[in-house]
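Data first, discussion second: the structure below is written as structure tokens.
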Amino acid sequence: MTIQYERPVSHAAYWARRMALLSCVLFIAVVLSHRFGPLTTPHFLALAGFAAVMAGLAVLLAATGLARLWHVGARGGKAALVALLFALLPLGVTGAAAYAYFYKPALYDVTTDTVSPPPWLSQPSAAQDWLPRLGTVTPRDREVQLDAYPGLSGRRYEGALDRVYQGVRKVATAYGITITAEDGLDNILADLEDLVIDPKKVTQGAEALGEVPIPEARPLETPLIPSVGGAGDVLLQGEWRSPIFGFRFDVVIRLREEAETTLVDMRAASRYGPHDLGIGASLVEGYLKALDAELLGIAGD
């Protein structure tokens with residue numbers, strides 16, 4: 001007589017595969033909707049958290065299936081392994097975010113000038129929903145930033161204001177920062193007007209050489225508005241989104257002439273929530289490094 005052994009089936013393993021697949025698809029969908037669609041950050045975090053919870057339950061069921069496979073040889077080992085692979089994406093991203101949340105300082109606004117940060121041309125505002133902020137940025141927050149990011153400082157360039165302004169605009173476009181407002185451009189115009197040659201002062205010898213072209217100031221891209229920053233400051237405000245997940249940040253860049261040099265400071269604030277997970281500091285550092293490379297040769301100490 002032939003004895004045929006019938007293996008039991010681990011239903012937990014197959015349910016784990018279904019739940020892990022669903023959580024992975026949901027997570028990808030909400031990421032794409034947040035990055036390219038209308039989904040706001042609070043709703044994105046809620047849905048991404050739900051997908052992570054589903055993935056966590058799938059991991060528990062997969063572990064049950066693997067345990068059944070080990071003890072009684074139940075079917076479902078492959079399904080359990082597939083479930084673990086599908087759950088890796090939502091759980092991995094959630095784990096990295098949780099690590100940044102607990103080990104990065106709880107800041108949403110960082111700047112290279114903690115004493116006198118660049119002012120906003122238009123105060124950022126957004127419905128926080130279930131992510132309320134404690135209030136305005138306090139001096140204590142600036143102290144926390146100095147302790148956490150001591151290398152976050154402005155740049156000084158031995159170049160004219162208009163030259164540095166061109167580099168700032170070029171790097172902003174390349175870095176994905178969309179400039180939405182500007183202030184103080186009349187200061188650049190004043191510098192350019194200093195280069196204009198007065199025809200009445202042309203010497204007789206120069207007249208013999210023919211007409212001398214007179215440089216004119218470049219037309220401004222935006223109309224002049226009342227100054228918001230200090231005298232001589234140029235302010236540029238814009239928006240930036242993180243490349244993968246599309247977190248929104250408001251950015252303001254300040255240019256200030258000081259003793260034949262131009263000082264560049266920057267400020268970045270996450271639009272939602274009380275914690276930027278360290279993205280703001282990375283944004284500022286990355287932009288200023290790119291600006292250093294663009295203005296290489298005129299950077300001062």
Side-chain angles (χ1 to χ4, degrees), residues 30-46 48 93 96-97 99-101 103-114 117-138 141-142 144-146 148-149 151-155 168-183 228-229 234-255 264-292 294:
V30 297
V31 168
L32 294 177
S33 182
H34 182 254
R35 180 64 181 85
F36 302 104
L39 191 66
T40 62
T41 298
H43 295 94
F44 161 73
L45 294 178
V93 173
Y99 177 85
Y101 183 86
Y103 288 95
K104 296 287 185 178
L107 301 171
Y108 68 88
D109 187 315
V110 296
T111 178
T112 57
D113 188 350
T114 57
W120 299 106
L121 297 178
S122 177
Q123 188 67 30
S125 62
Q128 301 299 310
D129 291 333
W130 61 277
L131 293 173
R133 290 175 174 171
L134 298 179
T136 59
V137 180
T138 63
D141 294 329
R142 298 305 184 196
V144 171
Q145 178 198 316
L146 287 175
Y149 310 112
L152 201 65
S153 60
R155 298 291 195 273
V168 166
R169 286 295 304 254
K170 181 178 179 181
V171 175
T173 301
Y175 209 75
I177 299 175
T178 303
I179 301 299
T180 57
E182 295 179 302
D183 179 66
V228 174
V234 176
L235 297 174
L236 299 88
Q237 183 166 331
E239 301 174 355
W240 179 81
R241 303 191 71 175
S242 60
I244 299 177
F245 297 102
F247 293 114
R248 296 178 181 270
F249 280 76
D250 293 287
V251 177
V252 62
I253 305 170
R254 181 179 64 199
L255 287 71
V264 178
D265 281 300
M266 188 173 180
R267 181 180 182 181
S270 62
R271 187 167 296 182
Y272 297 94
H275 203 307
D276 67 358
L277 305 180
I279 301 176
S282 298
L283 162 62
V284 174
E285 290 176 350
Y287 175 84
L288 292 178
K289 287 182 179 179
L291 186 61
D292 289 341
E294 175 63 26

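Of all heavy-atom pairs between T111 and M266, the closest is OG1-O, 3.1 Å. Contact record, K104 with L277: CG-O, 4.0 Å, taken as the closest heavy-atom pair. Nearest approach of H275 to Y108, heavy atoms of both residues: N-CB, 4.3 Å. What you find for L152 and V110 is that their closest heavy atoms are CD2-CB, 4.2 Å. Across all their heavy atoms, I179 and A172 have their closest contact at CD1-CB, 4.3 Å. The minimum heavy-atom distance linking G280 with A268 is given by the pair O-CB, 4.3 Å.
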Is there a salt bridge (charged side-chain N to carboxylate O under 4.0 Å, His left out) between D109 and R142? Walk through the geometry before answering.
CA-CA 9 Å; D109 187 315; R142 298 305 184 196; 3.3 Å; yes
Apply side chain to side chain contact (heavy atoms under 4.5 Å, CB included) to residues D129 and Y272 and explain how you reach the verdict.
CA-CA 9 Å; D129 291 333; Y272 297 94; 5.9 Å; no
Set out, in order, the CA-CA distance, both residues' side-chain angles and the distance that settles side chain to side chain contact (heavy atoms under 4.5 Å, CB included) for Y149 and V284, then state yes or no.
CA-CA 11 Å; Y149 310 112; V284 174; over 6 Å; no
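Side-chain N or O atoms of R241 include none that pairs as donor or acceptor with a backbone N or O of F247 at under 3.5 Å. For Q237 (side chain) and L121 (main-chain N/O), a donor-acceptor pair under 3.5 Å exists by modelled atom type. Counting only distance, with no hydrogens or angles, the side chain of W120 and the backbone of V252 share no donor-acceptor pair below 3.5 Å.
Side-chain contact between W240 and S242 is present, with at least one heavy-atom pair separated by less than 4.5 Å.
The only option from Q128, R248, R271, H34 that meets the side chain to side chain donor-acceptor pair (under 3.5 Å) definition with T41 turns out to be H34.
Annotation: the span from L288 atom CG to S153 atom OG amounts to 8.0 Å, rounded to 0.5 Å. The CG atom of L107 lies 13.0 Å from the CD1 atom of I279; values are rounded to the nearest 0.5 Å. Atom OG of S270 sits about 11.0 Å away from atom CG of L283, to the nearest 0.5 Å. A distance of 4.5 Å separates CZ in R155 from CG in D292, rounded to the nearest 0.5 Å. Here the CD-CG distance, from E239 to D250, works out to 6.0 Å after rounding to the nearest 0.5 Å. With rounding to the nearest 0.5 Å, the separation of CZ in F44 from CG in L39 is 8.0 Å.
Under the 30°/60° scheme for interplanar angles, the aromatic rings of Y287 and Y175 are found to stand perpendicular.
With sequence neighbours excluded, the residues that form a side-chain hydrogen bond (donor to acceptor under 3.5 Å, both in side chains) with D265 are T112, R254.
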